[in-house]
> 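Just dropping this structure here.
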Amino acid sequence: MKIQVGTATLSLVQVDITQQEVDAIVNAANSSLMGGGGVDGAIHRAGGPQILEECKAYVAQHGRLPTGEAMITSGGRMRAKFVIHTVGPVWQGGAHREEELLANAYRNSLRVAVEHRVKTIAFPSISTGVYGFPIERAAKIALATTKEFVQKIPQIAEVRFVTFRLSDFEIYGRLFSS
Ligand code: ADP
């Protein structure tokens with residue numbers, strides 16, 4: 001599924017994010033940047049130890065990555081040149097700035113991408129796994145934040161939203177076509 005927003009194409013696919021041939025894939029990391037489960041574990045497994053080395057060097061220099069922020073490493077052994085690591089909020093009922101922090105995670109990932117001349121980027125559904133953010137609310141924020149960004153800064157040619165669960169693909173799909 002594809003839609004055009006300004007000069008960018010937003011696409012929706014149900015595939016393995018670690019195999020994507022894009023300039024950058026986004027990792028739903030945690031603040032420690034030391035790897036974890038879910039998509040984070042899958043990215044480190046596919047990319048190999050180089051990514052963790054770069055994350056450790058970053059933390060040694062800058063400390064933990066705050067929620068809503070983003071940093072970049074190489075893609076290690078993956079086809080993607082870069083991994084952009086961002087930390088989404090843990091869902092705590094909705095009154096703890098979760099929506100704002102999730103939007104920040106998308107916006108800051110896109111900002112880091114632009115700084116590195118990324119043209120094609122793939123996002124997982126940040127915060128909607130272990131972090132428990134309700135999928136429909138998260139998908140709306142993902143799409144709205146991305147649309148606003150690419151309209152303002154026309155450098156990115158394609159933003160690919162990659163779902164893992166089929167039910168997530170269907171929810172994103174309804175929002176894509178609405
Ligand atoms: P978070 O902690 O931000 O919730 P998760 O990795 O638990 O991060 O979930 C983020 C997204 O990644 C969810 O859409 C989840 O379904 C998906 N996901 C979980 N495991 C994998 C995997 N092995 N490969 C790709 N995506 C995955």
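All ligand and atom numbering here is 1-based and tracks the order in the structure. Heads up: numbering here begins at 1 and tracks the sequence.
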> Going only through I, L, V, M, F, W and Y residues with side-chain contacts under 4.5 Å, is there a path from L175 to F123?
yes
> Among protein heavy atoms, which lies nearest atom 11 (C) of ligand 1, and at what distance?
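Scanning the protein heavy atoms, the shortest distance from atom 11 (C) of ligand 1 goes to S125 O, 3.3 Å.
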> For atom 6 (O) of ligand 1, find the nearest protein heavy atom and state the residue, atom name and distance (0.1 Å precision).
V39 N, 2.9 Å
> Quick test: of every protein heavy atom, which one is nearest to atom 7 (O) of ligand 1, and how far off is it to 0.1 Å?
V130 N, 2.8 Å
> Would you say the side chain of I171 lies within less than 4.5 Å of the side chain of F169, judging by non-hydrogen atoms?
no
> Could you tabulate the donor-acceptor pairs under 3.5 Å formed by side-chain atoms of residues 22-35, not counting sequence neighbours?
unit_1: D23; atom_1: OD2; unit_2: K119; atom_2: N; d: 2.7
unit_1: D23; atom_1: OD2; unit_2: T120; atom_2: N; d: 3.2
unit_1: N27; atom_1: ND2; unit_2: D40; atom_2: OD1; d: 2.7
unit_1: N27; atom_1: ND2; unit_2: H85; atom_2: ND1; d: 3.2
unit_1: N30; atom_1: OD1; unit_2: S32; atom_2: N; d: 3.2
unit_1: N30; atom_1: OD1; unit_2: S32; atom_2: OG; d: 2.7
unit_1: N30; atom_1: ND2; unit_2: G35; atom_2: O; d: 3.4
unit_1: S31; atom_1: OG; unit_2: L65; atom_2: O; d: 2.7
unit_1: S32; atom_1: OG; unit_2: M34; atom_2: N; d: 3.2

> Compute the shortest N/O to N/O distance between R45 and ligand 1 and return yes if it is under 3.5 Å, no if not.
no
> Look only at interatomic distance and state if A42 has a nitrogen or oxygen under 3.5 Å from any nitrogen or oxygen of ligand 1.
no
> Nearest to atom 3 (O) of ligand 1, what protein heavy atom do you find, and at what distance?
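For atom 3 (O) of ligand 1, the nearest protein heavy atom is S127 N, 2.9 Å.
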> What is the closest protein heavy atom to atom 8 (O) of ligand 1, and at what distance does it sit?
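Sorting protein heavy atoms by distance from atom 8 (O) of ligand 1 puts A28 CB, 3.8 Å first.
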> Backbone N or O of Y58 within a donor-acceptor pair of the E54 side chain at under 3.5 Å?
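The answer is no, because no donor-acceptor pair under 3.5 Å joins these two groups.
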> Check each of G88, G129, A29 against atom 4 (O) of ligand 1 and report the one with the nearest heavy atom.
G129
> Using a strict 4.0 Å threshold on nitrogen-to-oxygen distance, state whether E148 and K152 make a salt bridge.
yes
> Between Q20 and R160, does any side-chain donor sit less than 3.5 Å from a side-chain acceptor?
yes
> Among all protein heavy atoms, pick the one closest to atom 22 (C) of ligand 1 and tell me residue, atom and distance.
F164 CE1, 3.3 Å
> Can you tell me which residue pairs pass the salt bridge (charged side-chain N to carboxylate O under 4.0 Å, His left out) test with a partner in residues 85-104, sequence neighbours excluded?
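Salt bridge (charged side-chain N to carboxylate O under 4.0 Å, His left out) check on residues 85-104 returns R97-E100, E99-R137.
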> Which of the listed options, D40, T128, V90, T86, holds the heavy atom that is closest to atom 14 (O) of ligand 1?
T128
